[in-house]
Amino acid sequence: MRTYPEYLEELLDFLRIPSISTLTEHAQDLKSAADWVATRIRGADIQNVEVFSVDGGHPLVYAERLDNPGAPTVLMYGHYDVQPVDPVEEWDTPPFEPTLREGRIYARGSSDDKGQLATHLFALRDLSRVWGPRWPVNVKLIIEGEEESGGASIEKWALQNADRLAADCALISDTAFLKPGLPSMDYGLRGIAYAELEVQGPGRDLHSGLYGGGVLNPLSALARIIDRLLDLESGRILVPGFYDGVIPVSGLDRDQAARVPFDSGRFLEQSGSPALWGEQGYSVYERITARPSLDVNGLWGGFQGQGAKTVIPSRAGAKVSMRLVPDQDPDDLLRKLEDYVTDLAPEGVTVACRTIHKARGVLMDPSNPFMEAAAGALEEVFGKAPVFTRCGASIPISTIFHVNLGMPVLFMGFGLPDDGLHSPNEKMDISQFYGGIEAVKKLLGRLARFTAGRPIK
Ligand code: BES
Ligand code: MN
Ligand code: MN
């Protein structure tokens, strides 16, 4: 495989920028990361580059080079922000001091998404040198810094600038291979509806000897609410009306799934859990991709320190997120959740349910010429045709590209399942980075043989 050592060096500089979008003290780092991206875009001979912020959010980078009205247009997306690094003591090397070990790049954001997004920028730089003054593909790039914090800047801007973003297809490299050596292309992603529950009991923390037995403890009330969200036996979500808008798992999905060598034994092993769990009547692969799920992501309240403290806490809370499949509407589900938890709240406490963020899921027909072109490019570079998969995670803007802007989205991801996204010791394999650059070049080369909106074979 071709290697690009000088691009690897540049990527390491990008990875040194701690662009954590949820933490306000990193705002300047997000700006630096956006500038790094803008500079690389200009380096690929795209001079029309804008860096701007919507409603004071982290900068969006938008760029375009439209040389050829008869050629197809590709909208390339990536995110330069990363997740927080805690627990930082579990990293073998510091998260923002990228380290090369055993053919891998260890750093926060190496795989999600800086390393992957960089494949686009470097592929364009290489192509700009052979394409010369009139490119055979029109290119638009939109690169954001709020993906990991569920920020809505890009969504708002994309909806307001739909004409500007118009393209024949979108290209996103922010997903993963099914396993090493086996590329996969997602044709569906789940959506998300994320809420925070807060249960208010007494007006202040109370002595549990003096008040215990006389007022309801908000932790007990919260435990009841949490318990009623899921039926642990059937694996069903108990929020009334939760399944109303769910598109059933289709024959096409089952046909596709039959071709996906998903190994539930390996899935169990990778999870480290003692057993599998989930909704009865569905395979593990279906449970985590084509069926919705609900998780408690955090739970707080009361005394967490060493030893004992005899206290009735005044408040308790939980973070609850629901992974949604098409056609579930996040707003509708957040309302249903709120109504349900309000009903469940026993007398003696009040419950508030606040939305943190939300996005609809996306589901596409995998048989379209753009996806075929991407599959061909992946096969050429990685020696194996990709499998078409659905993925349980979310990339909020992809839904806007597909549903609102009406384009097929090519999820051409170069991660591997053991990259440790959002975890300590996140890594990207250097060979995946190099292969990614190569595959993006091949894809754009193939698209150059298409005409606008109408592929020629
Ligand atoms: N790149 C991931 C999503 C992903 C990971 C897709 C692996 C496929 C394979 C993305 O950055 C992510 O973490 N999304 C969040 C979205 C949320 C913060 C709105 C998610 O799914 O939790
Ligand atoms: Mn990502
Ligand atoms: Mn992520």
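Numbering of ligands and ligand atoms starts at 1, following listing order. These values consider heavy atoms only, across backbone and side chains, with no hydrogens, waters or symmetry-generated copies.
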List the closest protein heavy-atom neighbour of [atom]: residue, atom name, distance to the nearest 0.1 Å.
{"atom": "atom 17 (C) of ligand 1", "answer": "His357 CE1, 4.0 Å"}
{"atom": "atom 11 (O) of ligand 1", "answer": "Glu147 OE1, 2.8 Å"}
{"atom": "atom 8 (C) of ligand 1", "answer": "Cys391 SG, 3.3 Å"}

Pull out every atom of ligand 1 sitting under 4.0 Å from any heavy atom of [X], numbered as shown with elements.
{"X": "His422", "result": "13 (O)"}
{"X": "Ala393", "result": "3 (C), 4 (C), 6 (C), 21 (O)"}
{"X": "Leu421", "result": "5 (C), 7 (C)"}
{"X": "Pro396", "result": "19 (C)"}
{"X": "Thr175", "result": "6 (C), 8 (C), 9 (C)"}
{"X": "His79", "result": "11 (O)"}

Q) With Ser111, which of Asp418, Asp429, Asp419, Asp174 fulfils side-chain hydrogen bond (donor to acceptor under 3.5 Å, both in side chains)? A) Asp419
Q: Could you check Tyr80, Tyr77, Tyr62 and say which one makes a side-chain hydrogen bond (donor to acceptor under 3.5 Å, both in side chains) with Glu144?
A: Tyr77
Check whether any side-chain heavy atom of [X] lies under 4.5 Å from a side-chain heavy atom of [Y], and answer yes or no.
{"X": "Val387", "Y": "Met185", "value": "no"}
{"X": "Tyr4", "Y": "Glu438", "value": "yes"}
{"X": "Asp186", "Y": "Val362", "value": "no"}
{"X": "Ile143", "Y": "His120", "value": "no"}

Q. Considering only N, O or S atoms, which atom of His79 is nearest to the Mn ion (ligand 2)?
A. NE2
**Q.** N/O/S atom of His422 inside 2.8 Å of the Mn ion (ligand 3), strictly under
**A.** yes
Q: Could you please compute the angle at the Mn ion (ligand 3) from OE1 of Glu148 to OD2 of Asp112, rounded to 10°?
A: 140°
**Q.** Centroid-centroid distance, Tyr285 to Phe267, less than 6.0 Å
**A.** no
Q) Do the ring centers of Phe52 and Trp157 come within less than 6.0 Å of each other? A) yes
Q. Where's the contact between Arg323 and ligand 1, heavy-atom distance under 4.0 Å: side chain, backbone, both or neither?
A. side chain
Q: Would you kindly specify which portion of Asp174 sits under 4.0 Å from ligand 1, judged on non-hydrogen atoms: side chain, backbone, both or neither?
A: both
Q: Is it possible for you to check whether Arg291 lies under 6.0 Å from the centre of the six-membered ring of Tyr282, through NZ or CZ, and within 45° of that ring's axis?
A: yes
Q. Within 45° of the six-membered ring axis of Tyr106 and under 6.0 Å from that ring's centre, is NZ or CZ of Lys427 located there?
A. no
**Q.** Ala359 heavy atom under 4.0 Å from ligand 1
**A.** no
Q: Please verify whether a non-hydrogen atom of Gln83 lies at under 4.0 Å from ligand 1.
A: no
Q) Should one rank Ser173, Gly413, Ser394, Gly78 by closest heavy-atom distance to atom 15 (C) of ligand 1, which comes out on top? A) Ser394
Q. The Mn ion (ligand 2) to Asp113: any N/O/S contact under 2.8 Å?
A. no
Q) Relative to each other, are the rings of Phe177 and Phe382 parallel, tilted or perpendicular (30° and 60° limits)? A) perpendicular
